[in-house]
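The block underneath contains the structure these notes are about, expressed in structure tokens.
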There are 2 protein chains.
Amino acid sequence: MDALHPEVAGEFGPLTEYVGYALRRAQLKVFQDFIDTLDELDLRPAHFSVLTVVDANPGILQSRACAALGIQKANFVPLLDGLQRRGLLRRVALNGRANGLHLTDEGRKLLARARRLHDRHERRVLGVMSALERKRLIATLSRIAGLDEVSPRAAPAAARRSPSGSAAAPRRGSAAKRSP
Amino acid sequence: MDALHPEVAGEFGPLTEYVGYALRRAQLKVFQDFIDTLDELDLRPAHFSVLTVVDANPGILQSRACAALGIQKANFVPLLDGLQRRGLLRRVALNGRANGLHLTDEGRKLLARARRLHDRHERRVLGVMSALERKRLIATLSRIAGLDEVSPRAAPAAARRSPSGSAAAPRRGSAAKRSP
DNA sequence: GGGTTTCATTATGGGATATAACCATGAAGC
DNA sequence: GCTTCATGGTTATATCCCATAATGAAACCC
């Protein structure tokens, strides 16, 4: 506890010294900036991530894509409906039950624009740190994100309420298998 | 663009190289672990943060507390109702319209337990990094969180849809001023 | 005292996500 | 060929979290 509770304080009490707190604050900030950035294209972060994944994996199965993104397949449907309705993406029936996902030309074009906006956003965020810092940050964050097996004795009573995180990011824990 | 799009790939495309993506993934992970950790006390992150702030600032105004935590005052009401119903916190009328917030003995006791759990959680997260790394991480994250004035030309069309992604759980951060 | 501001509350709606139940289809086995 | 089972997708439903707007009331200011 000593190392965890230095002097701290201000109005927040010890809050400011917690990694989770710092993480959340930063994430909120960045995410909000990202949302604002993509707003002019009427894209939300989840949309952007879907377009990105489909673009990188043409023909990817709907189930596989949503698993990769950590989105429940049930929630994935209306999301795709929206993108499809806007003519950005197509569901191509593979065999009567499975769909392969493809971007349309328009989808690719919009994604390109989104990427340019995203780059500006990224640069904005990166503006407050050096290249080395960025590298370290991503490395550390990735390590944190992969701490699946880290909490063995933790997560006790859990399983009662559900996460409620968000979509755009891979909430790993979700129920998803891979290929058929 | 060059620096932003190295080689990348896998199933996620360029996603893995984005700071925002890494941030989100890490944040989701940590948050979930935190939620699981506090679950046995029936506390959610928001509860924990409220208890922490009130404990550190006995008698703090309701409005001030929720502003500090970045919670809308409207949403703060049922939150406090819950804590008060559980006998953890009291609203002390100051003058007929303003309430000062105080923890009850029980509230302090529960907070102490929660803090112990939180410490374990924090240590778990910190387990994947060195002390130096942690210091750097918090420093960088804090810098990011404070990049308010960073996006002058950004946030263009914005203001159309509301944030949504903002004030969430230990949204400790968000829009908050400090002292009066 | 009357207008304005501050503080708290109620009411309402939207967004995002989890769950469960439900088809349909393809694959496997006898 | 027909049953059985796993898979992919969809629908429907419940919940949680948060935001906005409107209301009520007290304090503040001239």
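Each chain gets a letter, A, B and so on, in the order the sequences are listed, and its residues count up from 1.
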Exercise for the section: Round to a whole Å and report the spacing from CG of Asn75(A) to P of dC16(D). Expected result: 16 Å
Practice task
Please list, chain by chain and in numerical order, all residues satisfying ring-ring contact (aromatic ring centres under 6.0 Å, His included) with His121(A), sequence neighbours excluded.
Solution key: Phe34(A), His118(A)
Practice task
Hey, could you give me each pair passing ring pair (Phe, Tyr, Trp, His ring centres under 6.0 Å) that has a residue in residues 87-106 of chain A? Not counting sequence neighbours.
Solution key: none
Handout entry: Separation of atom CD in Gln72(A) from atom P in dT11(D), rounded to whole Å
Key = 17 Å
Handout entry: For Arg86(B), all residues meeting salt bridge (charged side-chain N to carboxylate O under 4.0 Å, His left out), sequence neighbours excluded
Key = none
Handout entry: Between C1' of dG8(D) and CG of Leu101(A), the distance in whole Å
Key = 12 Å
Problem - Pairs meeting criterion salt bridge (charged side-chain N to carboxylate O under 4.0 Å, His left out) with involvement of residues 89-100 of chain B, two or more places apart - result: Asp81(B)-Arg91(B)
Practice task
Please identify each residue that fulfils side chain to side chain donor-acceptor pair (under 3.5 Å) with Thr140(A), with sequence neighbours left out.
Solution key: Glu133(B)
Where do N or O atoms of nucleotides 2-9 of chain C meet protein N or O atoms at under 3.5 Å, pair by pair?
from: dT6(C); atom 1: O2; to: Arg97(B); atom 2: NH1; distance (Å): 2.6
from: dA8(C); atom 1: OP1; to: Asn99(B); atom 2: N; distance (Å): 2.7
from: dA8(C); atom 1: OP1; to: Asn99(B); atom 2: O; distance (Å): 3.3
from: dA8(C); atom 1: OP2; to: Ser63(B); atom 2: N; distance (Å): 2.6
from: dA8(C); atom 1: OP2; to: Ser63(B); atom 2: OG; distance (Å): 3.0
from: dA8(C); atom 1: N7; to: Lys73(B); atom 2: NZ; distance (Å): 3.3
from: dT9(C); atom 1: OP1; to: Arg91(B); atom 2: NH1; distance (Å): 3.3
from: dT9(C); atom 1: OP2; to: Gln62(B); atom 2: OE1; distance (Å): 3.4
from: dT9(C); atom 1: OP2; to: Gln62(B); atom 2: NE2; distance (Å): 2.6
from: dT9(C); atom 1: OP2; to: Arg91(B); atom 2: NH1; distance (Å): 2.8

Exercise for the section: May I ask you to say whether Arg108(B) pairs ionically with Asp105(B), meaning some side-chain N is under 4.0 Å from a carboxylate O? Expected result: yes
Exercise for the section: Using atom CD1 of Ile35(B) as one end and atom P of dC16(D) as the other, report the distance to the nearest whole Å. Expected result: 12 Å
